[in-house]
Structures are given as structure tokens and as C-alpha cells.
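See below for the structure under consideration.
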Amino acid sequence: MRALIITQNTTLDGAIEMLDDWFDPAGEPDPEYLALTHRQDRAADACLLGRRTFEDFRGYWPLQTDDTTGITAYLDQVHKYVVSSTLTDPQWQNSTVLAGDPVEQVRALKNRPGKDIVCTGSITLTHALIEAGLVDEYRLFVHPAVQGRGRRLFPDGHVIPELRLLDARSFGSGVTYAAYRPVPGRRPEEEPS
């Protein structure tokens with residue numbers, strides 16, 4: 001079964017919804033940061049996005065003709081799956097619309113042959129995947145900013161009893177990275193009363 005990886009940029013106070021200017025995709029990334037991103041790209045052959053994030057990506061990345069980071073080239077060639085009940089024509093090469101129940105669509109996608117599936121942004125979709133227990137790993141890039149508002153990575157009330165740290169590092173920009181895997185076991189709602 002393919003692994004589903006949630007990769008998010010977040011503020012120090014845990015917001016993944018960008019309401020202020022704490023994250024700039026066009027900024028010049030640290031070479032180590034970029035190397036880590038490309039390592040993830042090599043291990044993944046699918047990018048999973050909600051409709052809004054997909055449209056944001058589609059309206060930005062294909063237009064970056066002088067992108068020296070390789071992100072545009074990767075996003076053009078990787079297979080993109082967009083979860084949407086309203087979008088019919090994705091209008092971006094290598095893109096497929098997943099209509100219907102997103103949890104069932106992603107469960108089926110995980111059962112197909114292939115490499116990792118990476119989901120980024122897409123807060124509503126991310127929350128549904130977390131609540132369904134489909135996430136195999138969390139990769140967080142924590143930016144040195146406090147936004148004080150905005151939606152967070154985990155839905156309110158959701159508990160993961162234990163996460164195992166897989167990797168951690170920091171970059172010269174002040175951004176830190178940490179990767180976690182949920183430890184298998186009973187979920188809190190399965191505990192006897």
C-alpha cells in the first residue's frame with residue numbers, strides 16, 4: 001500500500017491557513033531546504049490536492065518560466081489528483097479529478113501501485129484524511145512567525161495518542177522541519193469506557 005504523506009508549512013503557533021505573509025513560495029529557499037523537498041519529490045509520484053489549493057497551484061506554478069528550484073518542473077510532470085465535486089476539467093497536464101467521497105477516493109488511490117502520495121495545503125481535505133486515519137506520515141515546515149489565527153493542521157478535538165519522530169532539522173532561515181509517523185495502536189475513540 002502506498003504511503004500518504006501530509007506535508008504542510010505552518011507557523012510557530014500551528015496555523016497552516018496563510019492569512020498573513022509568513023510563507024513565500026517564490027522566495028529563494030535554503031539549498032538544504034530545497035534538497036529535502038527534492039528528496040520527497042523523488043519518493044512520490046502523486047500529489048493530492050483539494051480544489052482551492054489545486055487552483056492556487058495551477059494559477060501560479062505553470063507560469064514560473066524562470067524557476068531554478070525545479071519545483072515547477074516537478075509539478076508539471078507529477079500526477080496530480082484534485083478532490084472536487086465541482087471541477088470537471090483540471091486544465092493542467094497530468095491531472096485527474098477525484099469526484100465522490102474523498103475518503104473512499106483516497107483509500108482507493110492508496111491501494112493502487114506506485115510511490116508515495118503527498119498532500120499539501122488543502123485544509124478541508126487534510127482534515128478529512130486525518131479523521132479517517134489515512135495519514136501515514138506528517139512532514140512539517142515550521143516558519144518563525146506567529147499568526148494568532150487561522151485553521152490548524154489537526155481538526156479540533158482530534159487526538160493522536162503518540163507520534164514517532166522520524167527526522168528533524170533546522171535551516172538558516174529559521175524554518176525548522178520535523179517528520180512524524182503515527183504509532184499504530186488503538187485510537188482514543190476505541191478506548192473502553
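Model, not experiment: these values are computed from the prediction.
Neither Val183 nor Val159 shares a network with the other; the hydrophobic side chains, linked directly or stepwise wherever heavy atoms of I, L, V, M, F, W or Y lie under 4.5 Å apart, form separate groups for each. Residue Phe23 is grouped with residue Leu36 when hydrophobic side chains (ILVMFWY) are merged at heavy-atom distances under 4.5 angstrom, including chains of intermediate members. The hydrophobic clustering, which links ILVMFWY residues whose side-chain heavy atoms are closer than 4.5 Å, places Ile5 and Leu153 apart. Taken together through direct or relayed side-chain contacts under 4.5 Å among Ile, Leu, Val, Met, Phe, Trp and Tyr, Leu19 and Tyr60 form parts of separate hydrophobic clusters.
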Applying side-chain contact (heavy atoms from CB on, under 4.5 Å) to Thr126 and Cys119, what does each step give before you reach the verdict?
CA-CA 7 Å; Thr126 296; Cys119 180; 3.8 Å; yes

Test side-chain contact (heavy atoms from CB on, under 4.5 Å) on Val83 and Leu48 and set out the steps.
CA-CA 8 Å; Val83 173; Leu48 178 66; 3.8 Å; yes

Would you sort out whether His143 and Thr10 count as a side chain to side chain donor-acceptor pair (under 3.5 Å), showing the intermediate values?
CA-CA 6 Å; His143 292 255; Thr10 179; over 6 Å; no

Ile123 and Ile16: CA distance, side-chain angles, deciding distance, side-chain contact (heavy atoms from CB on, under 4.5 Å) verdict
CA-CA 8 Å; Ile123 299 169; Ile16 60 172; 3.7 Å; yes

Could you give me the CA-CA distance, side-chain angles and deciding distance for Arg149 and Asp20, then say whether salt bridge (Lys or Arg N to Asp or Glu O under 4.0 Å) is met?
CA-CA 10 Å; Arg149 65 197 194 292; Asp20 295 329; 3.1 Å; yes

Go through the steps to decide whether Val175 and Ser170 satisfy the test side-chain contact (heavy atoms from CB on, under 4.5 Å), and finish with yes or no.
CA-CA 6 Å; Val175 172; Ser170 61; over 6 Å; no

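Side-chain atoms of Lys110 do not come within 3.5 Å of backbone N or O of Ala3 as any donor-acceptor pair. Without hydrogens or angle criteria, Ser122 side chain to Leu49 main chain gives no donor-acceptor distance under 3.5 Å. Thr53 places no side-chain N or O within donor-acceptor distance of the main-chain N or O of Gly121, the cut-off being under 3.5 Å. Of the possible donor and acceptor atoms, one in the side chain of His127 sits under 3.5 Å from a partner among the backbone N and O of Arg152. Remark: the backbone N or O of Ile71 is not paired with any side-chain donor or acceptor of His38 at under 3.5 angstrom. Within the 3.5 Å criterion, the main-chain N or O of Lys115 finds a donor-acceptor partner in the side chain of Asp45. In this structure, the side chain of Thr37 engages the main chain of Tyr33 through a donor-acceptor pair within 3.5 Å.
Proximity of Thr11 to Val146: side-chain heavy atoms (C-beta onward) are nowhere separated by under 4.5 Å. In this structure the side chain of Phe171 reaches within 4.5 angstrom of the side chain of Arg169, judged on heavy atoms. Residues Arg151 and Thr124 are in side-chain contact: their nearest non-hydrogen atoms beyond the backbone lie under 4.5 Å apart. Between Leu12 and Val142, some side-chain heavy-atom pair lies under the 4.5 Å cut-off. Using a 4.5 Å heavy-atom cutoff, the side chains of Leu166 and Glu137 are in contact. Put simply, the side chain of Tyr177 does not reach to within 4.5 Å of the side chain of Leu140, judged on heavy atoms. Here the side chains of Val106 and Leu129 are in contact, with some heavy-atom distance below 4.5 Å. Considering only heavy atoms from C-beta on, Gln40 comes within 4.5 Å of Val118 through its side chain.
In this structure, Arg58 and Pro62 approach most closely via the heavy-atom pair O-CD, 3.3 Å. The two residues Val103 and Ala132 make their nearest non-hydrogen contact at CG1-CB, 3.7 Å. Taking every heavy atom of both residues into account, Trp22 and Asn9 meet most closely at CH2-O, 3.4 Å. Pairing each heavy atom of Ala179 with each of Arg139, the nearest pair is CB-CG, 4.0 Å. Closest non-hydrogen pair, Ala44 versus Val78, comes out as O-CG2, 4.5 Å. Here the shortest heavy-atom pairing between Arg51 and Ser84 reads CD-OG, 3.6 Å.
Arg2 and Asp136 are not joined by a salt bridge, as no carboxylate oxygen comes within less than 4.0 angstrom of a charged side-chain nitrogen. Ion pairing between a basic and an acidic side chain is recognised when a charged N comes within 4.0 Å of a carboxylate O; Arg39 and Asp41 show no such pairing. Under the 4.0 Å criterion applied to side-chain N and carboxylate O atoms, Glu162 and Arg164 are not assigned as salt-bridge partners.
Side-chain N/O atoms of Trp92 and Asp76 include a donor and acceptor closer than 3.5 Å.
Around the CG atom of Asp89, the shell of radius 6.0 Å holds more than 12 heavy atoms that belong to other residues, nucleotides or ligands. Within 6.0 Å of CG on Asp21 lie no more than 12 heavy atoms contributed by other residues, nucleotides or ligands.
Aromatic ring centres of Phe54 and Tyr81: separated by at least 6.0 Å. The six-membered or imidazole ring of Tyr180 lies away from that of Tyr138, with a centre-to-centre distance of 6.0 Å or more.
Listed by first then second residue, pairs satisfying salt bridge (charged side-chain N to carboxylate O under 4.0 Å, His left out) with a partner in residues 92-104 read Glu104-Arg107, not counting sequence neighbours.
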